[in-house]
Structure formats: C-alpha cells, structure tokens
Amino acid sequence: MNEASSAEPVSSADAMIGIDGLRLWYGDHEVLHGVSLGIRERHVTAFIGPSGCGKSTLLRCVNRMNDRIQGCRLEGSVMLDGTDIYAPDVDVVQLRTRVGMVFQKPNPFPKTIYENIAYAPRIHGIARNGVAMDELVENCLHRAGLWEEVKDKLQQPGTALSGGQQQRLCIARTIAVRPEVILMDEPCSALDPIATAKIEELIDELKNEFTIVIVTHNMQQAARVSDYTAFFYLGDLIEYADTSTIFTAPNKTQTEDYITGRFG
Amino acid sequence: MNNIKTSSAIRRRYRADGRFKVYCLAAVLFALLFLVFFFSDLMTRGWPALLQAEVQADIHYSEVVAEGRYRKAIDKSLRPLVSRGWLRTLPLYLEDHPQKMGSREELWVIASSAVDQYLKGHSSKLKLRHRKLVDKLKSEGRIKLAFNTGLFTRGDSKMPEIAGIRSAVVGTLYVLFLTMIFALPTGIMTAIYLEEFAPDNRFIRLIELNINNLAAIPSIMFGLLGLAIFINFFGVPRSSALAGGLTLALMTLPVVVISARAALKAIPDSIREGALGVGASPWQSIWHHVLPLAMPGIMTGSIIGLAQAMGETAPLIIVGMIAYIPDSPDGILDAATVLPAQIYTWAGEPMRAYAERTAAGILVLLAVLLSMNALAIGLRRHFERRW
Amino acid sequence: MTDHILHRFDKDLEDLNTHMERMFKLVRKNIKQAMEALFSGDIALAESTIEQDKAVNALEVEVDEMARQLIVIHQPVASDLRFVFAALKIVTDLERMGDLAASIAQNVKQLGGQVPQEDFQLPLMKELVIEQLKAARNAYRERDPVKAQAVIERDRTIDEIHAANQRIMLTYMAENPSLISHCMAVANIAKVIERIGDHVTNVAEMVIYVARGHEVRHTDPGRILELLEGEDDD
C-alpha cells in the first residue's frame, strides 16, 4: 500500500490547477524557486511549512492576489483548467470570481450580514435585489452552516458576529459568486478550537463542490482536513504526497524534521 | 528577600510617581488658566456689543426728509441722541415705501454711539446737557439698552452703532464654500491616487514630500501665490470671494490630502483584499468599501482644514479681501470681506464702540470654529467602527 | 536525528525506549532461564522463571501507560508516531514471549525432573530462538531494517526444524508407546519455542515499520528485501 516514492500524487491529467516551474521574486528577493505541483479537483490540498517558506505566496499566485504587490514578478505558469491565468488576455476580476479566497483574519465588510453576501453577486450581476437575492443569501448562509445562527439578524452588521461566525460569513460570501476553487490562507489561525472545528467541518462538506487549497500552520489541521499535503521550505516544494503518507512516513528528512517538531 | 511589604525604596518610587503626576496636572491647569483668562476677557469686552441703546422717537416722514434733509424727521431735542447713520437711511426707506409719505410713527430708533457708551457706563463724549436728557428719558422709559440685532443684520459702517458683521459673514460663507468645492474633491482624489494607485517610485515620493512641505508653508505665501496666479494671471477680480476661495483652497489642499491619506491608510488591507477576493475591481473596492470607511476620517481632517482656512487672514489681505465692504456680496465675483478680516479692520479703529464689536466678532468667529470642530469630533464618534 | 525543539518530548521518547530495552532484556533472560531449567530438569529454576514473568507483565502495563501519555501530550507524527505505535505492538509480543517462557517452565514442572531425549531437535531450536531474539533486539536498538529482515528470513529455519522434530517424535511414539506422554510434553514445548520465534518475527516486522514506514506483515521476506533495496537513494 505504501509506494513512498517521489512520484507526484496528482497526475497532470487529474490536476485542475497545474503549477509548473513557478519562480517568483519580490524585487530582488526570490521567494519561490521553481515550484511545480498539480492540485486535484474537489479535493483539499494543504500547504504547510515554516513561516517565510513561500506557501502563502504560492497560494496568492493562484488568484493573482500578488499582482497588488509592487515589484512582484514571476516566471513559469499557473494553469486553471488548461488556461494560463497569467496570459495577457486573462481578466483578473473574472479569474477571482472563479478562484475565491478566505483570509487569515476574518474580514467581513463593515456592512450588514445580508449585504456581505449580496455584494459580490450584485456587482457580478448573478442576482439582482429581491426574492432571487434573498434566496441566494439564504442558500449561501446555509451552505456555510451559518443560517441557523444569523437568520434573525440579517440586518445586523457582520462585524458584530464572533470570530468564527465572521470567518464562516466570509466563506459564505466567497461561495456566493460560485467559484470553482477556494483558497484559504490560514483561515483558523485567529479562532478558538470550537470555531476551528466548525470551519474544518465546513471544509469537509465544501470539498464535495469546490476545490480547496488551504495554507495552515497547524499541522494537525492539515492532517485532519486535507487529502494531499505539500511541504515547502525556503521557497522550494520539498515533498508533496497524500496526507497520510506525509504524516506517518514522509519521504524527506526535512519534512520529517518539520512535522515532528525537530526544526532547529 | 522577596518581601511583598513596602520598603523605603518602593515608597521613594511611589513619591517620584506622585510628583510626576503633579507636574503634569500643573501643566494642564496652567493651559486651562490661560484659556479661562482669554475667554473671560473676550466675554467681558464683547458682551456689551450685544446690547445697543435705543431711543423712542416720533418719526415724521415728510417731503423734506425725502429730499435728503433726513435730520428733520425727528424732533430737534432728540436729534443729538439719535444715530446719524440710521437717520441717513430714511430717504431711501421712503423711496421704497412711498405710501408712508406724510405719516408719523412712534419708533424705537438706534441711539448714537456716544449715548450708547454713556448708558453702558463707559467714557463718552456726550455733552452734559445731553447726558441729563438721557437720564431723564431713561427714567421715563423712553431710552433703553436692547438686544443688538443690527450686529448680525447690518454690514460694516463707519459709524460703530450701525456697524454689523453681516457682510463679513456672507463673504466668509462664499469663501468657505468655494474653498470646499475646490479643495475637497481635489484633495481627496489626490489622496486616493497616492494611497491606492501610485507606484512607489522617486517621482511619487517627491510629490509626497512636497505636499507634506506645503502644509508647513506660512499662509501668507499662499496669498502671494493667489495674487500672482489667480488675480494677475487668470484675471480673477481682486477682493472677490473667488480669489479668496481659490487662495484658501490652495492652502487647505495639503491638509486635506494629508488627513485623507491618513484616513485611507488606517483602513486595513483586509478590507481591500476581501473586496478584491470576491472579484471587485480596484475601483469598486475603493468606492464601495474603502472610501465609505475612510469618510469620517477624511471629513474630520477636512473640517479642521476648513476651520483653519476660515480663521485665516494673512493670505486674504494679500488678495485684497480687507476692503471696506458695507454691503453683502451678491456673487462670487463681487468684492467681499471675511470675518477675521472684519475683526482685523475693527481692531484698528480707535473708537471704543468698535473695540466692543471686535470682541463680539471674535466671539462669533470662535463659536463657529468651535462648533465646526465639535462637528468634526461628532462625525468621527458617530461613524467610528471596528472592522 | 536532531533533537526535538521540545526537550520534554525527547525525554519522554527516551524513557519509553529505556523501558522497552529493559523488557527485551528481561524477556530474553526468562526464556534462557526456562530453557536451562528444561535441559537440566531444575524445578526450582523453573519456579523462579514463572515468578519473574510477573515483572514482565508489570512492565507491559507501564509501557502502555507511557505510550498513552505520549500520544495525549505530544501527538506524535511521522517517525515519532511510528515508534510509539510500534512500541505498543512490540510490547504485546514481548509480553506474550514472557508468558510462553513461563509456560515452558510450567511444562518443566510437569516433566518432574525428566529431560527431553537427545534425539529431539529441541536444543537446536533453543539455540536458534535465543539467537533470533538477540538479533531482533539489535535490529531494534539500531533501527536497522536489513537486520530485521534477516530475522524474518531466519524464522523459516526454525519452522522447518520444528516440522522435522514433529515427524521424529511421531516415529518415536509409534515405536515406543510408553514414551507417548513424554513426547507429548516435549512436542508441546517445541510448539511453544516455535511460537516464540513467531513473536520475534513480529518484533522484527515492527522494526522495519519504525525505520522505514513500510507495513511488512504477511509479506514474503524476499519482497521485503526488494522494498528495502528499492529506496536506498535516500
């Protein structure tokens, strides 16, 4: 059962997102040194590694959030369903409706809970106001497991919710534009264990519909929620394998040292 | 060793703490003392200007008055007591109301400044017999000190008893309005560009440096700039509200830019990322999310900038807004003056009655400025949000 | 391997390892002692062996508790997880071996001072099993999968000798029915020794799991060797 080898766990035919030879610089500093990996559709892929290893940077390449950073340039390709998302004819705004993102710190808009969900569908013309929008809002809140908690206070500000609820609101807001991929950048790092468990439960449900890529510092979390785990160190992809392999018998000493807590 | 009871060293430290607290408190009290002194002085000086002596007189609207010999309108005995400035308005009044011709009317009319000062117990050049007359009329209740509505409804005058701040207030409103519509949009747009879009290169840093330096330039320089550019080059009429407004807009601009940038910088990046993350365009993320959140901060800074502009005199003197303007301006191209300039003019007058009005003008100006600042604070409180 | 950032983790793992070593030693001693009693007919020695098995049982409980604590406190993963998991498995095998030693001692008492006849293969089996135990212990100490594989490989020899021994005894019993009860007891002991060999094999399999993460139970020893050689690159 255990062919621990350096073969890629996700073949390029299976990959929904194909990252190939990605090198990235912030100014003169090379943050990623040629990373290649494939991310499988409707599975959870976790990126782990010590701070500064480039995992968040790589995540932000997938919806071109790095475009905002001045002096950031890259080489190589990131393919989404066979399209290079860095091709000149790709529209970043369109890309981000297909690749949603949930951030480290819950960042609901300082508007009502309803408006938080309704905002994106409205600007993209997915739904206009009225019954259709009400249904969409309810549906998204249901799928984010938040409906029962907020159904009576849709007109209250989203920022008045607890941290975990805010994060689930952000997830609901993200799925409202019907993306295919959801990127999560340490979504639980600001949450208590119960709120974290709820998010993890949600991730488990969402993976039936969405391709999820999660960056986490919590290795138990990566072990719990993900199907595949990629370990990064100093801008290199050290090891990429199915999660149970990484956490029981990793192939590389660096991975082993990191996950067992031997990093000096 | 680890004794938790107080020792002498600990007590010394506490005493030092106590002393430090006392010094700080003393500094606060000292500042407060000055403020109290300033305000009480202004109040005692300005308060009398809110009252004005009035005489009950029998007005006879006759042909003679209409022809310009307006002093004939009242009884000879009362003439020295009544304001000449007021009497002078009668021919014009009759022209507007011809039906009054030939009629008589019992009215409370404005007394001369000498009577006014005498009644308020100040030194007055009123002649002795007139003083007796005043005393007699006062005991009969035909002369009194009433609330000085004229201070707010009349323009400037060479006669203190009929001089008011109205034209200056109207001028101030024009100037402030113009300053606002020029400085706010330009300043906020500049701030948005610099904060949200500008690349971080040498050119932009130079612009930023210059804006920060502009805020520190003495205001009179802006007056010279306004004179050179708006009046001499563009030909904006001298003394006009437009010239003043544009000049003050120049002066306010850096304040608006700096405060707006600070407000935008205070909006956490997570808000922008959240909006961009659901596929909002950069413009949408700013317009829908960042700007509404930054608005209270921007408004606070802008109001404080405007209040500063409102209290400004030096640059306006340069563009000629210190002129004697008895009538309210009718448009932005009319000659106008502003409240601080009016105060400055009155402060230069030797007559005691003007000193009162100077103080009253300052009180009005202060009241407006303080309420503007209070508005700024109120706005900030009201819209302050956590995210 | 480098130390953990958390030194307590290292210390706890080390404590667990020390207990395992102690148990190895004690079990090996008990098996040797039981064999000695068997071949010398020394009933007192047999009784003391039975008594010493209690210490082995106590050690098993202790190791279990330590492993439990380690899992709760440190949530081990990767090699640490494999070690703790293997310790739990090995300790069961060791305890069973201890029981089997006691059972030999019990048989010695039943034989009442009689020693097995020299034509039987028991001494050879005894030598091999003790040799195997030593080799397994070394493989464990050094976390050496190749040595462990050798142990698994050699267990076949014990099985073969055991089978041969059974045929010999059957012949004996057929020729000389008066020896049947003696033969039954000896056959029983031979079976026990063969079982000890199986437990040693289990230990060796866990050593390979600890070292490499390969699950090699119920796998042909030749295939195991291929697996181990196939990854020499890292």
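Each chain gets a letter, A, B and so on, in the order the sequences are listed, and its residues count up from 1. The figures that follow rest on heavy atoms only: side chains count, while hydrogens, waters and symmetry mates do not.
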Query - Part of A:Arg60 lying under 4.5 Å from any heavy atom of chain B - result: side chain

Report task. With a 4.5 Å heavy-atom cut-off (strictly below), which parts of residues 39-46 of chain A touch chain B? List them by number. Result -> none

Query raised in the report: For the side chain of B:Asn212 and the backbone of B:Leu209, is there at least one donor-acceptor N/O pair under 3.5 Å apart?
Result: no

Requested in this report: List the steps and the verdict of side-chain hydrogen bond (donor to acceptor under 3.5 Å, both in side chains) for A:Ser56 and A:Asp185.
Outcome: CA-CA 7 Å; A:Ser56 281; A:Asp185 191 359; 3.0 Å; yes

Query raised in the report: CG/A:Leu74 to CG/A:Asp67 distance, rounded to the nearest 0.5 angstrom?
Result: 8.0 Å

Query - Derivation of the side-chain contact (heavy atoms from CB on, under 4.5 Å) call for B:Phe222 and B:Leu248 - result: CA-CA 8 Å; B:Phe222 287 101; B:Leu248 288 183; over 6 Å; no

Query - Heavy-atom donor-acceptor pair, A:Thr216 side chain to A:Asn218 backbone, under 3.5 Å - result: yes

Report task. Among the options B:Gln284, B:Glu273, B:Arg272, pick out the one with the most heavy-atom pairs lying under 4.5 Å from chain A. Result -> B:Glu273

Report task. Give a yes or no on this: more than 12 heavy atoms of other residues, nucleotides or ligands lie within 6.0 Å of atom CH2 of A:Trp25. Result -> yes

Query raised in the report: Is there a donor-acceptor pair under 3.5 Å between the side chain of A:Arg23 and the backbone N or O of A:Glu30?
Result: no

Requested in this report: For chain B, find its close neighbours in residues 89-103 of chain A: heavy-atom separation under 4.5 Å, sorted by number, or none.
Outcome: A:Val93, A:Arg96, A:Thr97, A:Val99, A:Gly100, A:Met101, A:Phe103

**Report entry** Ring geometry between A:His142 and A:Trp147 (parallel below 30°, tilted from 30 to 60°, perpendicular above 60°)
**Finding:** tilted

Query raised in the report: Does a sphere of radius 6.0 Å around CZ in A:Arg128 hold more than 12 heavy atoms from other residues, nucleotides or ligands, not counting ones at 6.0 Å or beyond?
Result: no

Query - CZ/A:Arg178: more than 12 non-hydrogen atoms of other groups inside 6.0 Å - result: no

